[in-house]
Structure formats: C-alpha cells, structure tokens
Amino acid sequence: MNDTRRKDITTFLAAAALILLSYLPATVGATTGDVTDTAVQVRQDSIRNNNTNPSTQQGSSLFLWREPQFESRTVLAQLQGPDPSEPKGQLKPVLSWETGEGKSYLVPALEIPGFIVLLNGFDRLVLNDKEKDGKKVYSTNLSTTWEHLHRQNWTFDQDSFKVNQFGHPYEGATMYGLARSSGLNFWQSLVYSNVGSFLWEMAGETSRPSINDQITTGNAGSLLGEALFRMAGLVLEDAGPNPTLGHQLAAAAISPPTAFNRLAFGERFKEVYPNHQPATLWRCMAGGSANVHSHNLSPVVQPSSRDGNAIAEFAMSYGLPGKPGYSYNRPLDYFDFQISTRARTHNLVESLTIRGLLKGTDYHVGDDYRGIWGLYGSYDYISPYLFRVSSTALSLGTTGQYWAAPGIAVQGTVMGGVGFGATGLETDVAEERGYHFGATPQGLLALGVLFGDKTILDVSGRGYYVSALGPDKLKGSELVFRGAAALTVRIYGHHAVGLHYSESIRDTNYANIPSRYRSEGTLSLVYTFLSDINLGAVEWRDAYQR
C-alpha cells in the first residue's frame, strides 16, 4: 500500500474521527447490568444493586457518576422472556455481550476478505496503480496470489513511513473492528486481524509480502481497533437505547466497522458493549504551536519547522484505577489514547499513541494508593519535524493514583519492554536513508498531579533504543527521546487553557552514516475542554479518611 493519495485519505479519516470525538459525554457510562445463567430473580437483584448511585455510597466523591437511565436490551429481553405471539424457530440470534449468545465467527470471516477485495479494487480503479519491480502493485490475480502462497518470499518493504506505520495499523483496526463488533472478544478479533493482514499480503499486492506490514497491521491495528471500539461504545452508551443522529455519526467516525455491522445486521449487533462505567478523563484541545529551538535539523525541514501551526489534539484515559467495583478482567479495561494533529498537509497526524493493560490485576498500598499492574501492549506513532519513530511493543508496567495531600492526587504510569520499531528522519534526505527497522527496547514514565479541581500538571518521557538487531543489518544504533510537560488550568465549568512544551531528541551512531545529535523544542498554547470538572481524580476513600 504505497500510493500517496490513499495515504492522505487515511489520515483525513483519522482526523475526522478526532474532531467527532468531541461528542463524548462530559460524564460517561450508563450501567448495563451483569447477567448470569442463574434464575431471573438473581438477575433482578443484580440490576437493583447496579442501579444504586455510587455517589450516594461514597459521600461527596470527587468523581461523580450518572445514575443509569436505561437497562441493557439483553437484560430486559431475558427478564421478559420470549414473545409468545412470535412463532418458534424464527427468533434471530441477537448478540448478548454478557453470555456470548448471537456472536458470529462467520460474519467477519466473510467481511474481512470482502473488505480486502474492495480495498484492492479501490486502489486499482480509483487510484493510479503504480508499477513496482516491473509489476503494477495492485493488479493481483489468482496467479500472483498462488505465487505468494507457494513461495512465501517475505521481505521488509520500504514504503513510505506514514503508509507502513500509520496506514497499515488503521487498516488492521478496521479488520479488527469487523470481528469485534460481531461479538468476538479481544483475542479472537486479534486473530482475525492478523489473518486479514496475511490475506492482504498474499492477495492484495503483487509485490513481495512484507514482514513489517504483517506485524503492524495485525497487532498495532488490534490495539488501535480496541481503543476505537471502546470509545465508540461510550458514545452510544451515553445516548441510551435510541441514539441521536449526532451520537451515531460520532460513533461511526470513531469506529466505522462497528457502525457498519450495526447498520447492516439490524438488531442483531446493536447491543452496546458493556463498558462497566470506567473512570475516565478526556480532553479536546485546539490552539497553536511554534518551534522555540532546533539543533542540527535537516535543511529540508529546517525552514518549515520555524513556522507556527494550528493544532488539534485529543487525549483519553479509560479505566483509571481506584473506582470501587470496577475490575480489569478484559484486555484494555485500562488504556490511554492520545492523538495530535498539525495543519500540515504532508504530515497531518503528528502523533498517535496507545497503551493498554492486556493482562493484569489491581492492587492497593494503604488507604491512599490504588493501582493496576501487569502486561501492557502499546502502539506509538510519533512524527515531529525532527524524526519519525513508531513501535509495537509488549511491556511490564503499572498505573496508579496516590492521594498525596487533601485535594491533591498524583496519577502515573511506569512501563518498560521491547517492541519492533521503525525510526528515521521526518523527511527523506539524500545523505541518509529514510528510516530503518529494528528490535526496540523502550520505556515510559508519565505523571500527572491534580490540584483540586483547578489545575493539572503533566510530565512524561518516552525513550526508544532502536538497535541493529533488525533486517537492515546496520552497524550501530540510535536513541530517540520524546519528553513533554503541560500545565492545564480550569477557568470555568469544563473550559480550561493549557500551555504545553515538548522536547524531541535523536542521537544516531552508525558506521556508514555520520553520527549526529539533533534536538527540537515546541511550545503550544491551547484551549481545552475537560470531560470532568474534577480533573479525573478517582475517590475511593470514606469521608473521614480524606
């Protein structure tokens, strides 16, 4: 997938989803109820318990939750029983997320190949089918497909960085979403996304199948797809049983495959995924940024790096630790999602990062600390003026919140692991290759200090060591660092202003490339809309403990 126009279409769709994320409610999550296979009376007791307003149990909590306004359609249907007027044998298998009834392995098994055929046809007919190695890339047929299947002649391709590291994960998220919205769980949908990626490599292009595309499409795409699926579910869940057109459009922009299955199959897949009322904080930001210093930038990007840029950003923390009754039994019951765009047509999406708990549990230390720990999955795509870096990784880590003083909470994440990464210059220049792949040990430290309901101070640092253990067989390595600090002050209601600073550093050390140290700093002033006027602090303590 190496066509420039297709790349621009992909980034435009992602930016549209960012804008429509603003439909997310200021207080998210209606209780859907837990259903078991026990008697109806047990279900009814469970519903009554879930309808209790947590804010009344916790006193003057800093994190208030809306009383549920509706029940899960699945719960109501099971309580009411089948309609005696409807003939037996004609009931449709309506999806139940609680029991798994109505899920389908067949639907995504047909949809994903259909999506691949349509994508190949779009590339072939609508876009210019360019030649590569003497062949038109998308002019596939049974002969080219059999050749790929028979020879398995895999390689690491050098398509554009944005296509390989952003476009392929987004397409993987689409295939993942088709399986996920058909009722399958995370791990099952992960398999479908990887199989779909394999089918594309075999039948979607005439060029040699790409190992790096297989990794990023199936795995990074699944992490991205699950985060989008959860956020779209929050939008629909808040809207109740009859979502408004605005809610439906916003959810469709966030997760198009979810909207497709809800529309194409009528009532069968309209059951909204039960989020179980996670503690969340999301922020929508818009403003301007300017480069405040740069050292040793390439002449290609040096002039444009000094220009001011309009920016739009969205960040969401989902499943913050400490909420009483919330558990971490499903992958990405906790995740952190951030996307940043710039008004630059050649590089619209500056960064997209996701980290989520795949397998872990919660824990506590004393009365003032609550946390989670375990195995995290992450997908990072970062592309400022200075460099480009992307990684799909597994890490061990922990996320928690500590009440440091009355009204002051500290939230943070520490992670360390290894992934498969790609890094290089933001714009290809003659004296250096555009980017290379390699095994990538990496680490993350992110801290946020919440001062009452007025101020948030965030600091974070990400480090990537892109080694020579990769397909490029380069002698050497490079170190990439991205640090950020942000001060957000709430002015009135959900409205705030923010001052952000980011520092980017790239230090290269290769035998066949001159060693260079590059650095760049960017300052941004933004308007911020906060989902929670209490800034996302989670309260679990009794009143006398505060």
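Judged by distance alone, the side chains of Thr399 and Tyr376 do bring a donor and an acceptor atom under 3.5 Å apart. Side chain to side chain, Tyr363 and Thr398 meet the donor-acceptor criterion of an N or O pair below 3.5 Å. Gln338 and Ser351 share no side-chain donor-acceptor pair at under 3.5 Å. Donor-acceptor pairing under 3.5 Å is recorded for the side chains of Asn275 and Tyr318. Side-chain atoms of Thr423 and Glu478 include a donor-acceptor pair closer than 3.5 Å. The closest side-chain donor-acceptor pair between His168 and Gln214, if any, does not fall under 3.5 angstrom. Ser477 and Tyr465 are linked by a side-chain donor-acceptor pair at a separation below 3.5 angstrom, with hydrogens and angles left out of the test. A side-chain donor from one of Asn153 and Arg208 sits under 3.5 Å from a side-chain acceptor of the other.
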- Message: As a quick check of understanding, evaluate side chain to side chain donor-acceptor pair (under 3.5 Å) for Tyr176 and Glu226, giving each step before the final call.
- Response: CA-CA 8 Å; Tyr176 174 93; Glu226 179 68 11; 2.4 Å; yes

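In this structure a side-chain-to-backbone donor-acceptor pair under 3.5 Å is present from Asp333 to Arg330. Side chain of Arg230 to backbone of Leu332: a donor-acceptor contact under 3.5 angstrom is found.
Applying the side chain to side chain donor-acceptor pair (under 3.5 Å) criterion to Asp380, with sequence neighbours excluded, gives Tyr464. Looking at residues two or more places apart in sequence or on another chain, you find no side chain to side chain donor-acceptor pair (under 3.5 Å) involving Ser222. Not a single side chain to side chain donor-acceptor pair (under 3.5 Å) links Thr216 to another residue, sequence neighbours left out. Taking the side chain to side chain donor-acceptor pair (under 3.5 Å) definition, one finds that Tyr326 meets it with nothing, sequence neighbours left out. For Thr258, the side chain to side chain contact (heavy atoms under 4.5 Å, CB included) partners are Ser181, Phe229, Ser255, Arg262, not counting sequence neighbours. Under the side chain to side chain contact (heavy atoms under 4.5 Å, CB included) criterion, Glu147 pairs with Lys135, Arg151, sequence neighbours left out.
A salt bridge is defined here as a Lys NZ or Arg NE, NH1 or NH2 lying under 4.0 Å from an Asp or Glu carboxylate O, and Arg518 with Glu503 fails to meet this definition. Salt-bridge formation is not detected for the pair Asp362/Lys323: no Lys NZ or Arg NE/NH1/NH2 atom is positioned less than 4.0 Å from an Asp or Glu carboxylate oxygen. Ion pairing between a basic and an acidic side chain is recognised when a charged N comes within 4.0 Å of a carboxylate O; Arg388 and Glu350 show no such pairing.
A cation-pi geometry, defined here as NZ or CZ lying under 6.0 Å from the six-membered ring centre and within 45° of its normal, does not hold between Arg355 and Tyr334.
Leu118 places none of its side-chain heavy atoms less than 4.5 Å from the side chain of Phe122. Residues Lys103 and Tyr105 have side chains in contact (heavy-atom distance under 4.5 Å, counting atoms from C-beta outward).
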